[in-house]
S.K.: 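Here it is, the structure, as structure tokens.
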Amino acid sequence: MDVISGVQKMSVGQPAGRGAVCLTCKGICSGFQPHSWRKACVQCHCSQEEHAPSSDVEDDRKMGRLLADSKYAHLTAKVKGGDGLRVYKRNRMIITNPVVSRKDPTFNTITYDWAPPGLTQKLAVQYMELLPEERRPVAGTEGALYRRRQLMRQLPVYDEDPSHCHTLSEAEVKAMAQFVKSYKEEALGVGEVALPGEGGAAKENTGKQKNEKGSQEQPNPEPTTNGTLEENSKKSQYHCSGCGELAALDSPVVYAERAGYDKLWHPTCFVCAECGEALVDLVYFWRKGTLLCGRHYCQSLRPRCAGCDELIFSEIFDQETNGQFWHKEHFCCWQCGQGLNVQCGCSSRRQSKPV
């Protein structure tokens, strides 16, 4: 399996996605025009992720910042001359299969924009085949687009980097820095793909047990075959913590270190408990015995502004009866910016639409 860091030359100038056609409005929106502080298009009011995702470079830098200064920093690498900047060592997997024809053989190449790290190619392919076809991150497909959009949705850069937030006070910057430090220490995790019983520390323990058992039973080895009572009893030990069903011994599962290695999930069950979306690149946040994506973990602890989509670190904010939160200055009309506490003259009142 080829491992590629994904570090490319950064394009400078325009914000990511500028001018891209909205994937929701399609022909209605002529192209993404970013609002000055809303994470949305001024033409159609749809979010940036509904237009076009950010680039690989931006995604890898964002992931590098997220995983840096955490126990998962080994999944990042320093950028040469980057003043300590770290980027995500994103695994890409390239599969080349020969295609037999009447003449010279040709090759069919499949490139995955991301694959679980540290696996043999066989196990990585097994993992990918367990995902719905439309969710497999094959380069140039809907699955790759889905992954990139989920990176934006589940792991907003403004949930980790105050430089991407608008007009934070010095006290708010400090509060956010402490918040980020805390979730990196207490909740952030990256799932590990392995066969049942081989996740984390269990891998070493299993190896030791096998060696001890092998040395004891060498005089009278007992051949085993698939389908024996011993094999069936082993299968019954591993149940998915998501659906409760059995996990086959020869099929990869996902472990979450913060949950403990007595728990495992089928690949399709490793999802956020709030939104139900597959946890992108296996990045999870563990809270009160449940898996959450970054977005839903953060907003379970801090209110999120329905106007700018950023977390609120000020003690002064507005809250509507429908449960939405707003920065004081963002509780305003989309068209004219008039505060919603006063009736404005705009004919269209789409201003309260969350982004």
Side-chain angles (χ1 to χ4, degrees), residues 1 49 53 59 63 72 75 90-93 95 110-155 187-200 202-203 232 234-297 300:
M1 178 165 52
E49 71 188 67
D59 288 340
M63 290 289 286
Y72 301 95
L75 297 175
R90 175 170 50 93
N91 274 10
R92 293 179 67 194
M93 181 170 66
I95 308 295
I110 301 174
T111 300
Y112 291 90
D113 282 348
W114 170 86
L119 304 183
T120 63
Q121 188 178 89
K122 179 181 178 181
L123 193 59
V125 170
Q126 274 186 282
Y127 170 85
M128 290 299 181
E129 290 177 345
L130 291 172
L131 303 179
E133 187 172 356
E134 67 276 10
R135 294 292 183 260
R136 298 172 193 168
V138 176
T141 67
E142 286 295 319
L145 178 60
Y146 169 78
R147 170 187 171 268
R148 186 166 285 173
R149 293 179 71 179
Q150 289 305 311
L151 280 171
M152 296 183 72
R153 184 67 181 168
Q154 295 183 26
L155 304 170
L188 174 65
V190 180
E192 175 191 347
V193 176
L195 292 176
E198 297 184 8
K203 191 180 295 183
N232 289 335
K234 285 183 180 178
K235 286 184 180 181
S236 66
Q237 297 175 13
Y238 302 109
H239 288 79
C240 173
S241 296
C243 67
E245 298 293 326
L246 289 172
L249 285 177
D250 59 354
S251 185
V253 294
V254 185
Y255 285 92
E257 181 181 9
R258 291 192 184 274
Y261 285 101
D262 58 326
K263 295 181 176 61
L264 54 80
W265 287 261
H266 292 122
T268 52
C269 295
F270 198 68
V271 300
C272 172
E274 278 293 320
C275 62
E277 294 288 353
L279 292 163
V280 64
D281 288 16
L282 302 178
V283 176
Y284 70 90
F285 289 73
W286 186 250
R287 175 167 163 77
K288 295 183 178 180
T290 58
L291 295 168
L292 294 171
C293 67
R295 168 176 290 274
H296 287 106
Y297 173 82
S300 73

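Values below: every heavy atom of this structure, side chains too, minus hydrogens, waters and symmetry copies.
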S.K.: Would you find a donor on one side and an acceptor on the other, under 3.5 Å apart, between the side chain of Arg90 and the backbone of Trp114?
M.R.: no

S.K.: State, to 0.1 Å, how close Leu249 and Pro196 come at their nearest heavy-atom pair, and which atoms those are.
M.R.: O-CD, 3.6 Å

S.K.: Quick one: CE on Met128 to CD1 on Ile110, what's the gap to the nearest 0.5 Å?
M.R.: 11.0 Å

S.K.: Among Gln154, Arg149, Arg147, exactly one meets side-chain contact (heavy atoms from CB on, under 4.5 Å) together with Leu151. Which residue is that?
M.R.: Arg147

S.K.: Under the criterion side-chain contact (heavy atoms from CB on, under 4.5 Å), I'd like the reasoning laid out for Met63 against Val283: C-alpha separation, chi angles, the key distance, then a yes or no.
M.R.: CA-CA 10 Å; Met63 290 289 286; Val283 176; 3.6 Å; yes

S.K.: Taking the side chain as C-beta and beyond, is there a heavy-atom pair between Thr141 and Arg136 under 4.5 Å?
M.R.: no

S.K.: Quick check: closest heavy atoms across Leu292 and Cys272, and the distance to 0.1 Å?
M.R.: CA-SG, 3.9 Å

S.K.: Hey, does the side chain of Glu192 reach the backbone of Glu257 with a donor-acceptor pair shorter than 3.5 angstrom?
M.R.: no

S.K.: Quick one: CD1 on Ile95 to CD on Gln121, what's the gap to the nearest 0.5 Å?
M.R.: 3.5 Å

S.K.: Do His266 and Cys243 have side chains that get closer than 4.5 Å, going by heavy atoms?
M.R.: yes

S.K.: Hey, could you give me the OG1/CZ distance between Thr111 and Arg92, rounded to the nearest 0.5 Å?
M.R.: 6.0 Å

S.K.: Test your reading of the model: is there a side-chain donor-acceptor pair from Tyr284 to the backbone of Thr290, 3.5 Å cut-off?
M.R.: no

S.K.: Can you name the nearest heavy-atom pair linking Val253 to Ala247, along with the distance?
M.R.: CG1-CB, 3.9 Å

S.K.: Does Trp265 reach the side chain of Lys263, with side-chain heavy atoms less than 4.5 Å apart?
M.R.: yes

S.K.: What heavy-atom pair brings Leu291 and Ala256 nearest, and what distance separates the two atoms?
M.R.: CD2-CB, 4.2 Å

S.K.: Kindly compute the distance separating CZ (Arg287) from CD (Glu274), expressed to the nearest 0.5 Å.
M.R.: 10.5 Å

S.K.: I need the minimum non-hydrogen distance between Tyr72 and Leu188, along with the two atoms involved.
M.R.: CE1-O, 3.4 Å

S.K.: Is Pro252 close to Leu130 at the side-chain level, that is, under 4.5 Å between some pair of heavy atoms?
M.R.: yes

S.K.: How long is the gap from CZ on Arg153 to SG on Cys275, to the nearest 0.5 Å?
M.R.: 8.0 Å

S.K.: Does the side chain of Leu131 reach to within under 4.5 Å of the side chain of Pro267, using non-hydrogen atoms?
M.R.: yes

S.K.: If we only count heavy atoms from C-beta on, is the Tyr238 to Leu264 side-chain gap below 4.5 Å?
M.R.: yes

S.K.: How are the rings of Phe285 and Tyr297 set to each other: parallel, tilted or perpendicular (split at 30° and 60°)?
M.R.: parallel

S.K.: Using atom types as modelled and distance alone, determine if a side-chain donor or acceptor of Gln126 lies under 3.5 Å from a backbone N or O of Asp250.
M.R.: yes

S.K.: How close do Pro117 and Leu75 get, counting heavy atoms only, and between which atoms?
M.R.: CG-CD2, 4.2 Å

S.K.: Give, for atom CG of Leu246 and atom OG of Ser251, the distance between the pair rounded to the nearest 0.5 Å.
M.R.: 12.0 Å

